[in-house]
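Notes follow once the structure below has been shown.
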Amino acid sequence: MILSPETIAFLMAAATMAGCIDAMAGGGGLITLPALMAAGIPPVQAVATNKLQSCFGTFGACVAYARRGHMDLKTYKGPIIAAFVGSVAGAWLLQRVDPSILAGLMPALLVAMAAYFTFSPKLGDADRHARVGMAGLTGLVGVVGFYDGFFGPGAGAFYTTILLALGGLSILRATAQTKAANFASNVAGLLTMVAGGHVIWVAGLCMAVGSLFGGQIGSHLAMRFGSRLIKPLLIIMSLALTAKMLLDPQNPIHIYLFG
C-alpha cells in the first residue's frame, strides 16, 4: 500500500501525540488507530501497524524511566515475562474465536478503573504495602497480557491498576513498570501480526519515529509532575476509552452491545 508524504506526516504527528499520552497514562491507541484507519488502511493492517509503532514508543518510554531509576526489571521480570507469554496466547486464540465475547465487560471495567483512580485517597508518589505477592502479580499481569493479545483496548490502564491497587507501587513506579509489561505484550502481538503478513512497514516505521519522540516527552513530564499529572490522565483516558467503545459504530464492543 502506497501512502502520500502528506499522509505519512499526518500519521507521524498522530504517533507523536499518542506516544506522549501513552507514556504518561496509556490509551495512545485512541489516537493512532483512528488515524491509521482515516488514512484508508484496513482494520487488521491498522492494528498490526499500530503494534509496530507502539513497540518503539513503549521501548523509548522504558529507557527513559529506567535511566531515572523508576524501573526495576530484576524484581518484576516475572510479570514482564507473563505479559509476553499471555499476549502470545491471546493473539493465538484471537485467530480461532470471536473477540466480541469479551466486549460486553470492557466499558464496565474501564468505568470502574476511572472511579478507583478518582476516589482512592492512596494514589501518590510513595510505595505502599502490597496486597498480593509477586506470584499473584505475575498471574494477574499475565491475564492482562492475554487480553492485550486477544483484544487490546485499555491494557495499559489495567496493568497500572493492578500494580497500584495490588502491587503497592507508587503511581510513578506503577506507570514505569506498566511500560515494561506493555512493551512485552506489544512485541508478542507484533510478532504474531508479522507472521500473518499484516504490517505496513513504511507507515509503521515512520510512526515509530514520532512515537519514540512523544514517549520521551511524556515520560519526562510524568517523572517531573508525578501523580498530579498521571492520576487525572488515567481517569480521562479510562473514560475516553469507554466512550469510544460505546459510541464508535465500527468498534466490536458497540456492535456486540447494540448490534
Side-chain angles (χ1 to χ4, degrees), residues 22 25-27 29 51 54-55 58-59 61-62 65-66 70-117 120 122-123 126-193 230 234 237-238 241-242 253:
D22 209 42
K51 281 291 184 187
S54 184
C55 282
T58 49
F59 175 74
C62 283
Y65 282 119
H70 298 296
M71 190 175 290
D72 187 352
L73 296 178
K74 183 177 180 180
T75 299
Y76 292 93
K77 64 182 179 182
I80 294 169
I81 293 171
F84 183 93
V85 174
S87 184
V88 170
W92 177 86
L93 187 62
L94 174 62
Q95 302 173 60
R96 289 159 178 81
V97 300
D98 184 356
S100 66
I101 61 174
L102 290 180
L105 294 175
M106 291 304 103
L109 288 174
L110 287 164
V111 169
M113 285 193 303
Y116 173 80
F117 294 135
S120 174
K122 298 179 180 179
L123 297 185
D127 287 356
R128 295 164 286 110
H129 178 69
R131 297 184 181 181
V132 300
M134 189 57 65
L137 280 181
T138 299
L140 290 168
V141 168
V143 170
V144 177
F146 175 88
Y147 163 75
D148 196 17
F150 185 76
F151 196 65
F158 291 138
Y159 285 130
T160 303
T161 303
I162 289 170
L163 293 168
L164 278 169
L166 301 178
L169 295 182
S170 69
I171 196 165
L172 180 57
R173 289 191 66 212
T175 302
Q177 293 303 144
T178 287
K179 294 302 106 185
N182 223 167
F183 174 66
S185 55
N186 277 336
V187 168
L190 174 62
L191 292 175
T192 303
M193 294 294 188
I230 299 173
L234 284 167
M237 295 313 297
S238 294
L241 277 163
T242 304
I253 286 180

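Please read all numbers here as calculations on a predicted model, not as lab measurements.
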Considering all heavy atoms of both residues, which atom of Lys51 and which atom of Asn186 are nearest to each other, and what is their separation? NZ-OD1, 3.2 Å

I need the minimum non-hydrogen distance between Leu163 and Gln177, along with the two atoms involved. CD1-CB, 3.6 Å

Over all atoms of both residues, closest heavy-atom pair of Gly145 and Tyr159: CA-OH, 3.2 Å

Which of parallel (below 30°), tilted (30 to 60°) and perpendicular (above 60°) describes Phe59 and Phe183? tilted

Side chain to side chain donor-acceptor pair (under 3.5 Å) partners for Thr178, two or more places apart: Thr160

Return each pair, listed once, that meets ring-ring contact (aromatic ring centres under 6.0 Å, His included) where at least one residue sits in residues 161-181; pairs must be two or more places apart or across chains. none

d(Thr175 OG1, Leu169 CG) to nearest 0.5 Å is 9.5 Å

Residues two or more places apart in sequence or in another chain: which of them pass side chain to side chain contact (heavy atoms under 4.5 Å, CB included) with Val132? Leu137, Leu166

On a heavy-atom basis, the closest approach of Ala180 and Met71 is CB-SD, 4.1 Å

Enumerate donor-acceptor pairs with a distance under 3.5 Å from any side-chain N or O in residues 73-91 to protein atoms, sequence neighbours excluded.
{"from": "Thr75", "atom 1": "OG1", "to": "Asp72", "atom 2": "OD1", "distance (Å)": "3.2"}
{"from": "Thr75", "atom 1": "OG1", "to": "Asp72", "atom 2": "OD2", "distance (Å)": "2.5"}
{"from": "Ser87", "atom 1": "OG", "to": "Ser185", "atom 2": "O", "distance (Å)": "2.9"}

For the residue pair Arg131 and Ala165, what are the closest heavy atoms and their distance? CD-O, 3.4 Å

Euclidean distance, Phe158 CZ relative to Asp148 CG, rounded to 0.5 Å: 10.5 Å

